[in-house]
Each structure stands twice: as structure tokens, then as C-alpha cells.
> 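Pasting in a structure now, in C-alpha cells, and then I'll have a few things to ask.
Start at 1 and go down the list; that is how both ligands and their atoms are numbered.
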Amino acid sequence: MSEMQQPAAEKKQVIFSGIQPSGTLTLGNYIGALRNFVKLQNDYDCIYCIVDEHAITVRQNPADLRRRCLELAAIYIASGLDPQKNLIYCQSHVSAHAELAWILNCFTYMGELNRMTQFKAKSAAHADNINAGLFTYPVLMAADILLYQTNLVPVGVDQKQHLELCRDIAQRFNGVYGNVFTIPEGYIPKVGAKIMSLQEPEKKMSKSDPEETYIALLDDPDTIRRKIKRAVTDSDGEIRYDPENKPGVSNLLSIMSALGAGDIETIVADMQGKGYGELKNRTTECVINALTPLQSEFKRLIADKGYLQSVIDENAQKAAYLANKTLRKVQKKIGYAPRG
Ligand code: AQP
């Protein structure tokens, strides 16, 4: 995994992505992010972070946050990520993230941050706590990515705007100090880049929304069946992919396709003459088949807290080594006094 173990000629490209331990992970996180992490692990040097520093931009219960960090490590591994090949660790355990974020704050304009749609949505949802961290969240995300000289960032489409800002910040910094940062590209899935809420299919499925709006990765089959049965569709009865006019039906088709039921056109052709009840049954089957193996592996892993702790401890050390190399270079470039 580490560049120390590989001859320069074989060095793979670097992937960085993270998920917040801010709630129960949803099918949206799985399809938009996790599932792609697993596909990429053999071809890239992958760093998958548990972004607890991002999570505290919204008020968290400390005991829940602590528990969810280890749960997220278990979910990463249960979904097929090999902790020997991928760096799985907590963001707060590598202080370089916060240190670089501060420096990059000084290379980011208020006007840029003001345009971020996630800030607008989250400040509307948490009107009692519009803190500066919520506003500068994309700068911390840029630091996360740039610390590792990342080439590719697998994310859902909701993160595209943040990624573009990260590229702008990196280019601005490089423009002043030379080629310090690799400019990252997004890796956004063609199908399933934005899984929508089951109850308001015009909105993204989100783990901090009410329970009935999302499928949690750890929902049991009966709960999955019930939630999909109650998913909002429409009244024209036709199975067709048309996200603008038929967001609910299109969302179910996207979910099926992303989970391996074939491309959307084939599913639509197969479903001709069938009703929404059958569409929901087929979607339910796909979701249960995808999540069952992950859930049983999760149960096994979460029972072994010692193992999970050792994974995040060891991987944080490896991540810190890589991150500090970039941080030291940045500090030198901007003129911090050398360390004795
Ligand atoms: N609905 C979605 N469809 C596709 N991809 C999604 N992602 C999130 N929701 C969807 C992707 O999951 C990764 C991790 O997201 P995150 O935990 O960092 O935060 P988020 O994007 O803010 O996700 P949530 O579920 O909406 O969390 P809360 O409610 O805490 O804000 C990212 O790659 C994201 O694109």
C-alpha cells in the first residue's frame, strides 16, 4: 500500500474519499460512494477516511459519534475493503488535515464558499447552529484530498461542487508556489450518482433525514420491504425512466440498475405491462440481495472492537506519514520557520 513498499515505476494513482459518521449510512452512500470504493481498491492506492471532523459541523451526541466511527470502519471492511490494502482511519487522528485546512482557508474566498449549495441546504436545516465550520467544510474537504496528492475522488454528484472548489484552491496555490498539489479529478458513477429520498424523490436520500425517507445499510429485510412499498411514485402507472416528471419511479429504476439488475433500458423493457407493485418487489429483492452479505459481515466485525481499533490505529499512522510529507512541503513553501 504505502509508496515506501513500491518501486517508483509501479506507483499506482491515489484515490481519496470519506464518509461522515454522522448517522446511519444509507443506500445512497452505498451506491454513490462505498460500492465504487470496493471496485477501485485493486487498481489504485486507496485512502478511505472516516471524516469525523466534518461530522461535527452539525451537533453530534459524543457517545453516538464515538460508536459510529468504529461502526463506519466495520462497514468499510464489511462492504469488501481490505484494510491491508486500503487506508481506513479517522480524520481526527491525523492532525495534518486540520493544519492544512487552516492554511487553505487563507487561499479560499468568502464569495466561493457563499456559492456552495450544501452550505445553503445545511444552514437552512440547522438554523440554530450555522457555525463557521459548516461554512468552511469544503476547505477541510480540499485539505483531505490534497494532503495525499490524490488523483481521483469517488463521490456522489452532490459533492461535485466541493470538488471543483478543491481544484480551484489547488490551482491557485500551485500558481503561487509551483507544483505542490496534484489536481484531483472526480469519479462520479454513471448510474446512481444521486439516489433520491423515498418520500420526496426530488430530494437526495440523506442519512440525517427522517427514517422513512432512506434505506439504511443495516435495515432488516422486513424494514426494507416496508419502506420500498411506501415509496412515493406517481399516478400515471407507466414504468419509464424520466427523472424530471417521474422522480419516484426513476429512482427505483436507478437503484435496481446500480445494484446490478442491468442497464435502465433493459429493466424498463422487462417491466413493460407490469405495475408499480412489481417494480417495488423487484427493487426490494435487489436491495436485500446487495445488503445481506454486507450485514452479516458487519455483525461479525462489530463484535470485535479490538480488531477494529487496531485497524484504525495502524492505518492512521500510515496516513499521517503520507499526509505530513505534503504538509511539510506546504509549510516550507509559505514561509513557516524551519523546525530545528
Ligand atoms: N443520495 C445519495 N446518492 C448518491 N451518493 C450519495 N452520497 C451521499 N448521499 C448520496 C455520497 O456518499 C458519500 C458520503 O457522504 P457523506 O457522509 O460525507 O455526507 P453527505 O454527502 O452529506 O451524505 P448524507 O447522507 O446526506 O449525510 P448528512 O445527512 O450527514 O449530510 C459522498 O461521496 C456522497 O457524495
Side-chain angles (χ1 to χ4, degrees), residues 15-40 46-61 64-65 68-69 71-73 75-76 79 81 88 90-91 97 116-126 129 133-134 137-138 140-142 144-145 150 152-164 166 184 186-211 213-218 231 243 247-248 250-252 254-255 257-259 287 290:
I15 289 218
F16 179 94
S17 199
I19 297 185
Q20 300 183 71
S22 52
T24 318
L25 255 63
T26 72
L27 189 66
N29 298 129
Y30 179 73
I31 293 177
L34 258 183
R35 185 183 58 117
N36 302 310
F37 296 178
V38 178
K39 286 190 205 152
L40 297 164
C46 300
I47 302 161
Y48 295 125
C49 191
I50 298 161
V51 289
D52 49 358
E53 292 175 329
H54 283 282
I56 64 160
T57 55
V58 169
R59 202 67 75 228
Q60 303 290 334
N61 172 303
D64 288 344
L65 181 61
R68 286 204 212 103
C69 286
E71 282 178 2
L72 185 48
I75 283 181
Y76 276 152
S79 64
L81 291 177
I88 294 172
C90 291
Q91 187 183 29
H97 288 259
M116 296 295 117
T117 55
Q118 180 172 294
F119 172 70
K120 290 179 196 161
K122 289 210 169 174
S123 45
H126 303 276
N129 181 23
L134 201 58
Y137 177 115
L140 178 58
M141 179 167 156
D144 301 339
I145 295 167
T150 301
L152 267 191
V153 186
V155 283
V157 79
D158 58 310
Q159 294 297 333
K160 197 165 173 246
Q161 196 185 28
H162 290 168
L163 194 59
E164 274 159 16
C166 168
Y187 179 96
I188 296 176
K190 287 200 179 69
V191 181
K194 194 171 185 187
I195 299 300
M196 311 309 270
S197 156
L198 296 178
Q199 291 302 316
E200 290 176 77
E202 308 75 23
K203 273 182 57 187
K204 163 182 112 140
M205 181 181 283
S206 206
K207 58 176 124 59
S208 38
D209 281 346
E211 173 62 59
T213 66
Y214 62 79
I215 292 169
L217 290 195
L218 302 178
S250 303
N251 193 33
L252 297 179
S254 297
I255 291 172
S257 177
L259 295 179
V287 174

> Does I195 reach ligand 1 with a nitrogen or oxygen that is under 3.5 Å from one of the ligand's nitrogen or oxygen atoms?
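Yes, since at least one N or O of I195 sits under 3.5 Å from an N or O of ligand 1.
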> Can you tell me if Q118 and D158 form a side-chain donor-acceptor pair at under 3.5 Å?
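No - no donor-acceptor pair under 3.5 Å links their side chains.
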> With a sphere of 6.0 Å drawn around NZ of K207, does it hold more than 12 non-hydrogen atoms of other residues, nucleotides or ligands?
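Correct, the count exceeds 12.
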> Looking only at heavy atoms, is any part of K122 under 4.0 Å from ligand 1, and if so is it the side chain, the backbone, or both, or is it neither?
side chain
> Looking only at heavy atoms, is any part of S17 under 4.0 Å from ligand 1, and if so is it the side chain, the backbone, or both, or is it neither?
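S17 to ligand 1: no contact under 4.0 Å from either part.
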> Could you list the atoms of ligand 1 found under 4.0 angstrom from a heavy atom of A33?
12 (O), 13 (C), 33 (O)
> For N29, is at least one N or O under 3.5 Å away from an N or O on ligand 1?
yes
> Do any nitrogen or oxygen atoms of G28 lie less than 3.5 angstrom from nitrogen or oxygen atoms of ligand 1?
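Yes, there is a polar N/O contact under 3.5 Å.
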> I want to check something: taking the side chain as every heavy atom from C-beta on, are P189 and I31 in contact at a cut-off of under 4.5 Å?
no
> Suppose we measure from atom 16 (P) of ligand 1 to each protein heavy atom; which comes out shortest, and what is that distance?
K207 NZ, 3.6 Å
> Is it the case that the side chain of Y137 and the backbone of A55 share a donor-acceptor pair, with hydrogens and angles ignored and the cut-off at 3.5 Å?
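No; judged by distance alone, with no hydrogens or angles, the pair does not exist.
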> Taking side chain as C-beta onward, heavy atoms only, is I75 less than 4.5 Å from Y30?
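No, side chains not in contact.
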> Kindly identify the option in A193, G156, G186 whose heavy atom sits closest to atom 4 (C) of ligand 1.
A193
> What orientation do F37 and Y48 show, parallel under 30°, tilted 30 to 60°, or perpendicular over 60°?
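F37 vs Y48 ring planes: parallel.
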> So, is V155 polar-close to ligand 1, with some N/O to N/O distance under 3.5 Å?
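No.
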> Under a 3.5 Å distance rule, please check whether Q161 uses its side chain to pair with a backbone N or O of T117 as donor and acceptor.
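It does hold such a pair.
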> Just so I know, are the side chains of Q60 and S22 near enough to count as touching, which here means a heavy-atom distance under 4.5 Å?
yes
> Please list the nearest protein heavy atom to atom 29 (O) of ligand 1 with its residue and the distance rounded to 0.1 Å.
S208 OG, 2.3 Å
> Which heavy atom of the protein is the closest neighbour of atom 19 (O) of ligand 1, given with residue, atom name and distance?
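Scanning the protein heavy atoms, the shortest distance from atom 19 (O) of ligand 1 goes to Q20 NE2, 3.1 Å.
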> Is the shortest side-chain heavy-atom distance between E200 and D209 below 4.5 Å?
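Sidechains of D209 and E200: no contact.
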> For a 4.5 angstrom cut-off between non-hydrogen side-chain atoms, does V287 reach L259?
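Result yes, sub-4.5 Å side-chain heavy-atom pair found.
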> Identify the protein heavy atom lying closest to atom 24 (P) of ligand 1, giving its residue, its atom name and the separation to 0.1 Å.
S206 OG, 3.5 Å
> In the protein, which heavy atom is nearest to atom 23 (O) of ligand 1, and how far is it?
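Answer, as residue, atom name and distance: K204 NZ, 3.5 Å.
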> As an exercise, identify every atom of ligand 1 less than 4.0 angstrom from a heavy atom of M205.
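Selected atoms, number and element: 1 (N), 2 (C), 9 (N).
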> Among all protein heavy atoms, pick the one closest to atom 34 (C) of ligand 1 and tell me residue, atom and distance.
D158 OD1, 3.4 Å
> Output yes when a side-chain donor or acceptor of T150 lies under 3.5 Å from a complementary backbone atom of P184, and no otherwise.
no
> For T26, state whether at least one heavy atom is located under 4.0 Å from any atom of ligand 1.
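Judged by the 4.0 Å heavy-atom criterion, T26 does not count as contacting ligand 1.
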> Quick one: which ligand 1 atoms are inside 4.0 Å of a heavy atom on S22?
30 (O)
